[in-house]
Amino acid sequence: MRQMDILRKSWNNLSVLISRSLASTRFLFWIVLIYTVLGIAWIWVTDALFSRLFFSADAILVFASAFILAITLGAHARAIYVKEQALVESLALQETASSIDAELIAEQKMDRVLTGVCAGAVSLGHQLCWAGLVKDDGSIDVIASHGFSVDYLKQFQVRWDDTPLGMGPVGRAVRLKETCVFQDALSHPDFAPWREAAEEAGYRAVAGIPILGRQSVIGVIAVYNQRRNSFSKGDLLRLELLAQKASVAILTSGQREALESLSRQHELILDSVEEGIYGIDLTGKLTFINRAAVRMLGYSRKELLGKEIHPIIHHTDNYEQPYRHEDCPLNQAIKSGTPFSSTDEILWRKDGAPLPVELSATIMKQEDEVLGAVMVFRDLT
């Protein structure tokens, strides 16, 4: 059984080698030439031994079969090339998509992710790609680009409204919410505003791919190629996949900016309060602290955020005895799930001085799940 497997594997390897050799464009001419010479030699030998009848018909048959062989081997070579090229492009696209996903997970800035999207489009065999955001006034704000002759972007304008600058493939893609392609852009009448610059840069075909949001088009990807009719259905499907990645980047960036804005508003509100306020998670680590608390304790935010707060500011009681963590009001509030207050507590400043305070601890909950506690204290000095 093992010997049969070895023979079968050897035969398969030999078959692949023969197939690749026969399909190689490098040896295609010589294969056909050898076939033709052997055919003519066979005719000469058989005619010498038998008769000279049908010589013309035999020669025509040899040349015809050689022609058919050449076409067959050429088609076979083309099929292998197309298959291997598709595999290479697929692997390149997977690598690009994985790289973009890694940047999204790492919460990279939107322009960096969009630059990766543009680089992915160029790696598929195109010469230039740029990505832009759609604005309400009909303009498009270019955010990122990658590829050959990026200076082309400095001398052109593109819009998505009904003006002449919005009639190109990019503007149409935004208005129609679907991919639009000018396979021969230089001869297309609606490409007139950009024809001179594109001809100088050598661009012949242009595609616009919309970046779809939840309810509308939020951006667009423009891809340029130096060959006419260069955008196949497979190319457009790959570019639309990259547009989906760009959509995730833009939406994620918008949500992150909204959260950051909301966080800044909350921080301003907390900083406007005179009482000291800080919060801890279930492990006792500080999650936020306001300006008044920082000022009263003498620490900076950087010194306290993410640190376990009890050993830093609440390590000793009124009688200068070690204050156990389990006796801390915040820890008791978390354990019991009920608020806690005290009018006679001691916190410790960075300079080692005691800070008499009145404090209260409140539980932070989300759908009955305890997330931590908030301490509010007032200086009694």
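Just the heavy atoms: all of them, side chains too, but no hydrogens, waters or symmetry mates, feed the values below. Keep in mind the model is a prediction, meaning the values are calculated, not measured.
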*Asks:* Which pair of non-hydrogen atoms, one from C118 and one from A144, has the smallest distance, and what is that distance?
*Replies:*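 For C118 versus A144, the nearest heavy atoms are SG-O, 3.8 Å.
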*Asks:* For the residue pair I209 and V220, establish whether any side-chain heavy-atom pair is separated by less than 4.5 Å.
*Replies:* no
*Asks:* Do you know which two heavy atoms are closest between A246 and I211, and how far apart they sit?
*Replies:* CB-CD1, 3.7 Å
*Asks:* Measuring from atom CZ of R378 to atom OG1 of T343, what distance do you get when rounded to the nearest 0.5 angstrom?
*Replies:* 10.0 Å
*Asks:* Would a distance-only check, ignoring hydrogens and angles, find a side-chain to backbone donor-acceptor pair under 3.5 Å from R227 to A205?
*Replies:*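 Here the side-chain-to-backbone pair does not exist.
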*Asks:* A side-chain contact here means heavy atoms from C-beta on lying under 4.5 Å apart; do L128 and Y203 qualify?
*Replies:* yes
*Asks:* Return yes if some donor-acceptor pair links the side-chain N/O of Q127 with the main-chain N/O of G125 below 3.5 Å, else return no.
*Replies:*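 Indeed, once roles are kept as given, a pair shorter than 3.5 Å links the two residues.
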*Asks:* Are L380 and L355 grouped together when hydrophobic residues (ILVMFWY) are joined by side-chain heavy atoms under 4.5 angstrom apart?
*Replies:* no
*Asks:* Do you know the tightest heavy-atom contact between Q226 and R204?
*Replies:* O-CG, 3.2 Å
*Asks:* Would L241 and V122 show up in the same hydrophobic cluster when neighbours are defined by side-chain heavy atoms closer than 4.5 Å?
*Replies:* no
*Asks:* Using only atom types and a distance under 3.5 Å, with no angle test, would you say the side chain of R301 pairs donor to acceptor with the backbone of I289?
*Replies:*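 Looks like yes, one N/O pair under 3.5 Å.
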*Asks:* Going only through I, L, V, M, F, W and Y residues with side-chain contacts under 4.5 Å, is there a path from V134 to L176?
*Replies:* no
*Asks:* For V217 and K177, which heavy atoms make the closest approach, and how far apart are they?
*Replies:* CG2-CG, 3.5 Å
*Asks:* Taking the side chain from D379 and the backbone from G276, do they hold a donor-acceptor pair closer than 3.5 Å?
*Replies:* no
*Asks:* For residues I346 and I313: do they belong to one hydrophobic cluster (side chain heavy atoms under 4.5 Å, members Ile, Leu, Val, Met, Phe, Trp, Tyr)?
*Replies:*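 Different hydrophobic clusters.
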*Asks:* Please evaluate residues F231 and V223 with respect to the criterion side-chain contact (heavy atoms from CB on, under 4.5 Å), reporting the C-alpha separation (whole Å), side-chain torsions for both, the decisive distance (0.1 Å), and the verdict.
*Replies:* CA-CA 10 Å; F231 292 99; V223 185; 3.9 Å; yes
*Asks:* Drop me the distance from S360's OG to E345's CD, to the nearest 0.5 angstrom.
*Replies:* 11.5 Å
*Asks:* Only counting residues at least two apart or in another chain, list the ones meeting ring pair (Phe, Tyr, Trp, His ring centres under 6.0 Å) with Y299.
*Replies:* none
*Asks:* Has the side chain of S139 got a donor or acceptor atom that lies under 3.5 Å from a matching backbone atom of K135?
*Replies:*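 Here the side-chain-to-backbone pair does not exist.
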*Asks:* Walk me through whether W130 and L153 qualify under side-chain contact (heavy atoms from CB on, under 4.5 Å).
*Replies:* CA-CA 9 Å; W130 60 264; L153 301 179; 3.3 Å; yes
*Asks:* Would you say the side chain of I140 lies within less than 4.5 Å of the side chain of L133, judging by non-hydrogen atoms?
*Replies:*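 No - every pair of side-chain heavy atoms lies 4.5 Å or more apart.
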*Asks:* Give the minimum heavy-atom separation between D136 and W160, together with the two atoms involved.
*Replies:*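 Smallest interatomic distance, heavy atoms only, reads O-CZ2, 4.4 Å.
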*Asks:* A side-chain contact here means heavy atoms from C-beta on lying under 4.5 Å apart; do I277 and F288 qualify?
*Replies:* yes
*Asks:* Are E303 and K350 ion-paired here, with the side-chain N under 4.0 Å from a carboxylate O?
*Replies:*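 So E303 pairs with K350 through a salt bridge.
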*Asks:* Are the side chains of C129 and I221 in contact, using a 4.5 Å heavy-atom criterion?
*Replies:*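 Yes, at least one pair of side-chain atoms sits under 4.5 Å.
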*Asks:* Looking at E200, I'd like to know if its CD atom is crowded, meaning that more than 12 non-hydrogen atoms belonging to other residues, nucleotides or ligands lie closer than 6.0 Å.
*Replies:*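 Result for CD/E200: open.
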*Asks:* Got a donor-acceptor contact below 3.5 angstrom from the T287 side chain to the G279 backbone?
*Replies:*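 Yes.
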*Asks:* Should T179 and L239 count as side-chain neighbours, where that means a heavy-atom distance under 4.5 Å?
*Replies:* no
*Asks:* So, R175 side chain and G166 main chain: donor-acceptor pair closer than 3.5 Å or not?
*Replies:*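 Looks like yes, one N/O pair under 3.5 Å.
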*Asks:* I need the minimum non-hydrogen distance between H126 and S230, along with the two atoms involved.
*Replies:*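 Closest approach of H126 to S230: CE1-O, 4.4 Å.
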*Asks:* To the nearest 0.5 Å, what is the distance between SG on C180 and CE on M167?
*Replies:*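 Between atom SG of C180 and atom CE of M167 there are 10.5 Å.
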*Asks:* Show me the side-chain donor-acceptor pairs of residues 189-197 shorter than 3.5 Å, one per line, residues at least two apart or across chains.
*Replies:*
unit_1: D190; atom_1: OD2; unit_2: R172; atom_2: NH2; d: 2.1
unit_1: W194; atom_1: NE1; unit_2: Q157; atom_2: O; d: 2.6
unit_1: R195; atom_1: NE; unit_2: L186; atom_2: O; d: 2.5
unit_1: R195; atom_1: NH2; unit_2: H188; atom_2: O; d: 2.8

*Asks:* Quick check: Y224 with Y152 (ring centres under 6.0 Å apart)?
*Replies:*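 Aromatic pair counts; centres sit under 6.0 Å.
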*Asks:* Can you tell me how far apart CZ (R291) and CZ (R295) are? Round to the nearest 0.5 Å.
*Replies:* 10.0 Å
*Asks:* Are any non-hydrogen side-chain atoms of I218 and L212 less than 4.5 angstrom apart?
*Replies:*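 They are not in side-chain contact.
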*Asks:* Verify side-chain contact (heavy atoms from CB on, under 4.5 Å) between L297 and L347, making sure each step is shown before the conclusion.
*Replies:* CA-CA 8 Å; L297 294 171; L347 300 180; 4.2 Å; yes
*Asks:* Check this for me, if you would: do K285 and E308 make a salt bridge, where the nitrogen-to-carboxylate-oxygen distance has to be below 4.0 angstrom?
*Replies:*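 Here K285 does not pair with E308 in a salt bridge, since their nearest N and O are not under 4.0 Å apart.
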*Asks:* Do V294 and M296 share a hydrophobic cluster (ILVMFWY, side-chain heavy atoms under 4.5 Å, transitive)?
*Replies:*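 They do share one cluster, since a chain of ILVMFWY contacts under 4.5 Å joins V294 to M296.
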*Asks:* Assess whether a salt bridge exists between R159 and D161, defined as any Lys/Arg side-chain N lying under 4.0 Å from an Asp/Glu carboxylate O.
*Replies:*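 Salt bridge flag = yes for D161 with R159.
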*Asks:* If you round to the nearest 0.5 Å, how far is CD1 of I143 from CG of L114?
*Replies:* 7.0 Å
*Asks:* Provide the full list of ring-ring contact (aromatic ring centres under 6.0 Å, His included) pairs with a residue in residues 345-381, sequence neighbours left out, each pair given once.
*Replies:* H315-W348
*Asks:* Side chains of K307 and L286: closer than 4.5 Å at any heavy-atom pair?
*Replies:* no
